[in-house]
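For reference, the structure is listed below as structure tokens.
Labels below follow one simple rule: chain letters A, B, ... track the order of the sequence lines, proteins then strands, and each chain is numbered from 1. Basis for what follows: all heavy atoms, side chains included, without hydrogens, waters or symmetry-related copies.
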Amino acid sequence: MTARFPRRARLQKPGEFKAAFERGSRLNEKWLTALVVSSGDSSESRLGLAVPKKAVPRAVDRNRIKRQIRESFRTRRAAFPAMDVVILARGGCLQATPEQLSDILDRLWTRAAAKCAPSASS
RNA sequence: GGAGCCGGCCAGGCAAUCGCCGCCGCGAAAGCGGGGGAGGAAAGUCCGGGCUUCAUAGGGCAAGGUGCCAGGUAACGCCUGGGCGGCGAGAGCCGACGGAAAGUGCCACAGAGAACAGACCGCCGAUGGCCCGCAAGGGAUCAGGCAAGGGUGAAACGGUGCGGUAAGAGCGCACCGCGGGGCCGGCAACGGCAACGGCACGGUAAACCCCACCGGAAGCAAGGCCAAAUAGGGAUGGACGUAGCCGUAAGGCUACAACGCGCGGCCCGCGCGCCAUCCGGGUAGGCUGCUAAAGCGCCGCGGUGACGCGUCGCGUAGAGGAAUGGUUGCCUCGGCCCGCAAGGGCUCAGGACAGAACCCGGCUUAUAGGCCGGCUCCCACU
């Protein structure tokens with residue numbers, strides 16, 4: 001289970017996204033925003049992606065950015081507490097190099113995990 | 001060798017490893033194994049179909065579209081062949097390319113005049129006047145004639161030349177153009193031929209319009225099926241005064257003879273109140289539509305060709321908050337550096353345009369680098 005990313009580790013239902021957007025804590029970094037909520041039913045951490053067409057007009061770029069985020073999540077999620085995270089891409093994220101994006105994501109993961117750790121431990 | 005034209009094709013390669021999405025097999029499951037997993041444009045959504053639902057007796061009109069002819073096709077605004085016009089030295093390329101003799105409108109500015117036209121400059125002044133002269137004749141230009149030349153314009157009521165004339169004019173002639181008819185070739189668009197007619201008929205239809213053909217609407221979030229919980233609807237049956245409390249439940253106890261709601265202004269009255277089963281609608285959710293297709297490839301036959309027919313082989317992504325990727329190594333191409341060169345080195349965020357969403361046929365647009373075939377022109381050599 002080291003670095004897998006099966007289907008159940010994703011947010012799939014509109015309700016799950018809605019919960020993150022309405023109740024989640026917002027963590028802002030350059031180009032990306034994370035919406036974190038400690039996951040209710042699942043014991044694993046789950047990821048949802050929101051890359052709006054407005055922020056990234058071309059489909060190729062949207063796919064590329066989603067893949068980069070997923071890859072980062074996949075390799076690190078074993079250390080995460082049970083939480084639901086929605087990563088929201090904002091305008092300008094196309095200018096980020098893969099290295100920059102990866103750094104930003106690392107910061108977001110640690111911040112998100114810190115946010116959820118106390119509630120998960122209790 | 002250089003310059004260019006046309007058609008077709010590829011879309012960095014191999015390996016290791018960590019992942020993702022379907023399918024098949026094993027497994028109770030976790031998972032494991034096997035095999036498959038973006039494009040030539042998947043894009044723009046501009047046309048044409050299939051499929052689906054709704055509408056529709058039949059037919060007509062309208063909106064909208066198409067527009068040389070013939071063929072191909074399921075169909076098309078596509079493709080092929082042919083015709084005509086334009087461009088190019090050529091290979092070739094480009095063209096909304098039906099009708100202006102059905103009608104209506106418009107043709108600005110400039111210009112004298114713009115559609116059954118017109119005389120600014122100009123030319124002439126033969127003829128009739130005028131002046132000079134004896135006369136022959138000469139002169140100016142009043143009447144008048146002309147439209148060749150100048151000038152305007154996108155366009156000036158055929159063009160060029162010769163004759164002709166006072167000057168001119170299709171006035172006459174030759175050639176070219178034009179016209180209607182004839183003959184010949186062609187399925188046709190159209191082309192050719194000789195004679196005839198002195199020329200009549202300006203342009204504009206991406207202006208209205210006329211003619212011919214097409215022409216119902218919306219789209220896979222189409223549409224079909226299954227269907228939890230909660231609330232509500234209907235039917236049937238049962239229990240039964242109602243409310244509270246106790247009990248897992250069957251039921252028991254207490255209180256009131258009364259209550260609440262609906263019908264109604266009020267009373268009487270009537271109905272409902274609890275439980276079970278069934279039915280239909282329908283939400284979340286799930287399944288389906290969903291990929292075998294007007295499919296692709298080889299060969300043969302028919303056809304100038306688009307394409308058609310036949311044999312054989314292949315069977316090719318199906319997600320659904322949406323997979324098709326990350327990392328590393330080697331090679332390749334590119335870039336940069338060194339070198340006269342062969343070659344060597346650097347190891348770079350360098351590798352075009354771009355990501356399927358029901359499926360096909362087209363069109364249009366984007367596209368690094370490269371390969372193959374055919375053809376044209378120029379230069380050199382033999």
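An anti base is found at B/U204: its glycosidic angle is more than 90° from 0.
Nucleic acid contact for A/Arg70: sugar-phosphate only, since backbone atoms but no base atoms lie under 4.0 Å from a heavy atom of the residue. Among the heavy atoms of the strands, none lies under 4.0 Å from A/Arg64.
What separates CD of A/Gln68 from C1' of B/U324 is a distance of 16 Å, to the nearest Å. In this structure, CD of A/Gln12 is placed 7 Å from P of B/A322, rounded to the nearest angstrom. Taking atom CZ of residue A/Arg67 and atom C1' of nucleotide B/C21, one finds them 13 Å apart after rounding to whole Å.
Separation of the P atoms belonging to B/A292 and B/A306 is 29 Å when rounded to the nearest angstrom. B/G90 and B/A3 are spaced 13 Å apart, taking the C1' atom of each and rounding to whole Å. Comparing the same atom, P, in B/A293 and in B/G186 gives a spacing of 48 Å after rounding to whole Å.
Shown here are the side-chain hydrogen bond (donor to acceptor under 3.5 Å, both in side chains) partners of A/Trp109, two or more places apart in sequence or in another chain: A/Ser72. Scanning for side-chain hydrogen bond (donor to acceptor under 3.5 Å, both in side chains) contacts around A/Thr33 gives A/Asn28, A/Arg90, with sequence neighbours left out.
Just one residue in the list A/Val56, A/Asp61, A/Leu88, A/Ile104 forms a side-chain contact (heavy atoms from CB on, under 4.5 Å) with A/Cys93, and that residue is A/Val56.
For B/A43, the OP1/OP2 oxygens have no side-chain nitrogen or oxygen of A/Arg58 closer than 4.0 Å.
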